[in-house]
Amino acid sequence: MNGYPDVAIPPGTDRVTTVADPQAYAALAQRVDRDLAFVPVLSPAGRPSIVVAGPETVKPDPHAWQGTVLVTDDEFEPVGLVLARGSGRPMRRATLAEAVRLSMDGPVTLVGAVDGVTSAVLAALPPDARLGLFVARDPATASGLAARTLLYGPTVAAESDDLSFDTLSEDGGPHRLTGLDVTVAGLRAATRNGVAILAGRAHARDCSMDLMDGTICGRSEERALLPVDPVQPERWSKHPTACQQSQMCCKYGLRIRDNLRAAEIPAAFAVLDSCRTAASGDGAVRTDVSIPLTMLARSALAVVCAVGTRGGSSWAAPLLRGLLRAGLPLGTALTEVNQAISADPAGRGRLALFGDAGLVPVPAASPARLATSAEGTVDIPAGAAVTMVDGTGLLPVHPGGPVVVTRADAATSWALTTVCGRSAGSVAPAPASLLVPWRDQFRPWSRRLRELTEIGLRVEGDRLDALDRQAATAVRQRAEAEHLTAAREAAEAYASARDGLVAVQHGAVEQELAVVARSFYHFLGGWPEPWQVRTAADVEECPQCGDATAVRHHVTPAAGTGPRLCYVVCSRCGEVLSGAEEFPATVRVTAPAEVARGERFHLAVDVIAPQDRAVAVTVGAAFRRQDLLLCRLDGISSVELSAGTGHTVELTGDSDRERTIPDLHNVVVLVAVDGAVRCIKRAVWLRAQRC
C-alpha cells in the first residue's frame, strides 16, 4: 500500500534495529510506534555508536514532545517519520518558509539535508521562531540522531549533571568553569562522566571554539588531507581550513591532537554561545569541520549555536540551560533567549537550534513563578532552573545576587542564580535606564543653553562642562550597574546634574532680567550680525492687541551659523515676541491694558508642557529701565512640569503714584524651557489718576 517492501524486524541490541538498506529503513519507519518497542537505524557500515550519558527512555512520556515534524525532501522523509511516530507528533512535507511561519505558534522540527541550511537561511530566521533544524550530513547520520533523540532525549537530563564554561568571566561556582580554568584538560575532566547540558561562551570561528590553551575542534574525524580546490572567483565559500590542508590548527599554530575534539565531548545538549558556531550549508568552511554537525554525528542530541557575530548578553547560554531545566521545550527556550537578546541594549546576534525543537528535556518540570511584594521586591531561591518573576527592570539588592533578564512580554522576567555563578537573594525595581532622558532631553538642553551665549545671554560655560561630564558618567554607570546600590547612585548623580541645568537656566534668566531692569535692552540687540532673515508671507494675529497685523520673521544669526530664532513684529505694538524658533511649550501672557499710577496689578504667565515629555521651566519678568521710570515688576520662578500639564506664574507690579511718568511702559517676560528662551513683550499703560 505504501510502496515499501514488507520487511521483518531484524534482531537488534536493546531496542535499536540496524538496517543497511534505505528501502528497508523506510519500511520499518512505517511501523515505529510511540511505545518505542524498536527504533530503526540506517547504517550501511554496521550499527552506529549511540553514546549518551544516562538510561534509555523506558516508558515514553507524552509531555516530553511538543509541536510538529516537517520534512523538506524525499531522502530524509523516513527519518522524519521515525521521529514523528516515535514521539506521537504529526508529520508532513513543507517548505522552509512554511516551517518558519508555523514555528510562530509552536515548536517545529524541520528534517532535511544540511545543504539546505545555508548562511542566508540562518540569517533570515526571526528571533521568535521556535524552529529546530534537524539536519545531518547524510540520512544514516540523521537516523542515528533520531534514534538517540527518541531513546534518550526525555531522560538524560534527569540522570546527569550540567556544566557551564565561560572564558570571558570570573564568576565561578558549582558545575561551572570560568576564566583560566577553561582549558582542554579542565573540560575533559569535567565532562569525563558525561553531562546533560553543556553551556559555554568563548571566542570562536566556524571550525573551532577557543579555550585558554587550545580549542574545541570541529573536525569530524582523523582523515586524509583534503585536496585544495581552486578558489572560485565569484563566490567565497566552502574553503578548506588549515587542519584540512595540514596537521596544524588555525589557532595559535597548535597541532590537531592538542585540541579537544567536539566529537569526544559526551554532552547530550550543548549551547555554544560564540561567534559563527552555526556552521552549515554554504558557510565559509567545509561542513566536515562544523562543531554542531560533528557533535550531532556522535553523542549530542541538540546543539544551540550562534549565527554570525554574537556580542553582549553574557547570560544567554546559562539562560537557555536554566530554561531547559525549568521544563521548556528546546524550541521555546531558544525563542526566549533570542527575544531577550533582541531586547537587551547590549545584545547582538542570535542563536540557532540544530536538533528537535519539540523535545522537552525535563518534562516533569515547570517554571516557578514568583510575585513581587508591594515594594516590588522578591526573594529568589538558588537553583539550576530559572525562576519567572512578575515585573521588569529588576536588579539584585546586593552584589553577586541573581541575574534578572526581561522577557519579550515586557511584564515578566527570568531570574538566574547558580547557572550564572550567582547566589540566591532579593531583587527589586531599579531606576530606569538613563540613556533616553540623557539623549532626548539633557544633551539638547545643554546645547541650547550654550547657544544662548551666541545671542547675548550670559551662561556659566565651565559649570555646563562639568554637568555634561557628570551626566555622561552617570549614564555609563547606570548601564554597567549589576546591583541596586550602584544603579541608585548613578540615578542620583544624573538627577544632580539635571538639577544643575535648572540652576544654570535660572541663573541665565535672572542675569538677563537684571540687565533689562537697568537699560532699554532690546532682545534682538544681542543677536550677532549678519542675519539671514526669511519673512513669512502671511500676517498673523498679534497676541497683545488682537489685530491681524503681526509679521513673523525667521532668523539665523551669525551668517547662518547661529541658532534658529524668530521674532514677531506688530505694526501697532512693535516687537511682541522674539527668541527660539522651536519652543517646547505653549506660553500665554495675560496683563492689564491700563493701570492707574500707584495701583498694584497682576501679570499671569501660563505655561503648558508638551504632551510627550516633561520639561523644566523658568519664568521671570521686569519693566525696561524700571529704575529710571520708577515702576517695578520683579519676579522669577523655576518649576518642573510633567507631560501635558500646565502651570501659572503670577507676578505683581507697582509704580509710584506721583513720580512715574504716565505712559505706555514695556514689560519684558523671559520664559526658558529646557534651555530654549523666548522674550515676550507686553505693554501696560500706566495712566495718571483721574480726578
Side-chain angles (χ1 to χ4, degrees), residues 452-459 505-529 531 542-545 549-553 555 557 565-580 583 587-607 618-637 649-672 676-688:
L452 294 180
T453 61
E454 300 179 26
I455 57 175
L457 278 72
R458 287 181 287 178
V459 178
Q505 176 174 285
H506 187 101
V509 173
E510 189 173 37
Q511 290 189 58
E512 192 63 25
L513 290 175
V515 173
V516 169
R518 296 193 307 267
S519 67
F520 292 107
Y521 168 82
H522 192 276
F523 194 73
L524 295 175
W527 296 0
E529 297 180 349
W531 296 3
C542 173
Q544 179 162 261
C545 68
T549 56
V551 178
R552 184 177 295 264
H553 304 276
V555 179
L565 307 168
C566 75
Y567 68 94
V568 178
V569 178
C570 173
S571 61
R572 292 187 59 191
C573 307
E575 177 202 330
V576 290
L577 183 147
S578 58
F583 199 66
V587 181
R588 183 177 68 253
V589 177
T590 304
E594 63 175 85
V595 177
R597 289 186 302 172
E599 291 183 0
R600 289 196 169 189
F601 66 92
H602 299 284
L603 180 142
V605 183
D606 299 312
V607 184
T618 301
V619 176
F623 278 106
R624 286 180 177 168
R625 199 62 198 269
Q626 58 187 29
D627 57 338
L628 176 66
L629 302 175
L630 301 176
C631 50
R632 179 167 296 276
L633 195 155
D634 289 328
I636 184 171
S637 175
V649 177
E650 290 193 356
L651 304 173
T652 303
D654 60 11
S655 57
D656 189 276
R657 184 183 180 89
E658 302 294 336
R659 295 187 295 167
T660 296
I661 300 173
D663 201 351
L664 200 64
H665 294 271
N666 289 320
V667 176
V668 172
V669 180
L670 291 180
V671 182
V677 176
R678 272 192 175 176
C679 172
I680 302 169
K681 188 195 76 172
R682 290 293 179 267
V684 178
W685 180 25
L686 297 180
R687 58 175 172 78

Straight-line distance of [X] [atom1] to [Y] [atom2], nearest 0.5 Å:
X	Y	atom1	atom2	result
E510	T618	CD	OG1	10.0 Å
R458	T453	CZ	OG1	12.5 Å
L628	Q626	CG	CD	11.0 Å
D654	R632	CG	CZ	8.0 Å
I636	H506	CD1	NE2	4.0 Å
H602	T590	NE2	OG1	13.0 Å

Can you give me the closest heavy-atom contact between [X] and [Y], atom names plus distance?
X	Y	answer
S519	V515	OG-O, 2.9 Å
C545	C570	SG-SG, 3.8 Å
C542	T549	CB-OG1, 4.4 Å
R597	E658	NH1-O, 3.2 Å
L651	G620	CD1-C, 4.4 Å
W527	P557	CB-CB, 4.3 Å

Can you check whether [Y]'s main-chain N or O pairs, donor with acceptor, with [X]'s side chain at less than 3.5 Å?
X	Y	answer
R678	S578	no
T660	L630	yes
K681	Q544	no
S655	G598	yes

State, yes or no, whether a side-chain contact exists between [X] and [Y] at a heavy-atom distance under 4.5 Å.
X	Y	answer
V669	L603	yes
L629	F623	no
F601	L633	yes
L670	C679	yes

Open item on the list: With a 6.0 Å cut-off (strictly less than), is the heavy-atom count around CD1 of I661, excluding the residue itself, greater than 12?
Closed with: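 No.
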Open item on the list: I'd like to check the side-chain hydrogen bond (donor to acceptor under 3.5 Å, both in side chains) partners of E594; sequence neighbours left out, ordered by chain and number.
Closed with: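 E594: side-chain hydrogen bond (donor to acceptor under 3.5 Å, both in side chains) contacts with R687.
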- [ ] Using the test side-chain hydrogen bond (donor to acceptor under 3.5 Å, both in side chains), find all partners of R659 that sit at least two apart in sequence or belong to another chain.
- [x]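 So R659 forms no side-chain hydrogen bond (donor to acceptor under 3.5 Å, both in side chains) with any residue.
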Task: Check against side chain to side chain contact (heavy atoms under 4.5 Å, CB included), V668 and E512 - done: CA-CA 10 Å; V668 172; E512 192 63 25; over 6 Å; no
Open item on the list: If the condition is ring pair (Phe, Tyr, Trp, His ring centres under 6.0 Å), which residues does H665 pass it with, not counting sequence neighbours?
Closed with: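 Partners of H665 under the ring pair (Phe, Tyr, Trp, His ring centres under 6.0 Å) test: none.
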- [ ] Before giving the answer on side chain to side chain contact (heavy atoms under 4.5 Å, CB included), spell out for V595 and V684 the whole-Å C-alpha distance, their side-chain angles and the decisive distance to 0.1 Å.
- [x] CA-CA 7 Å; V595 177; V684 178; 4.2 Å; yes
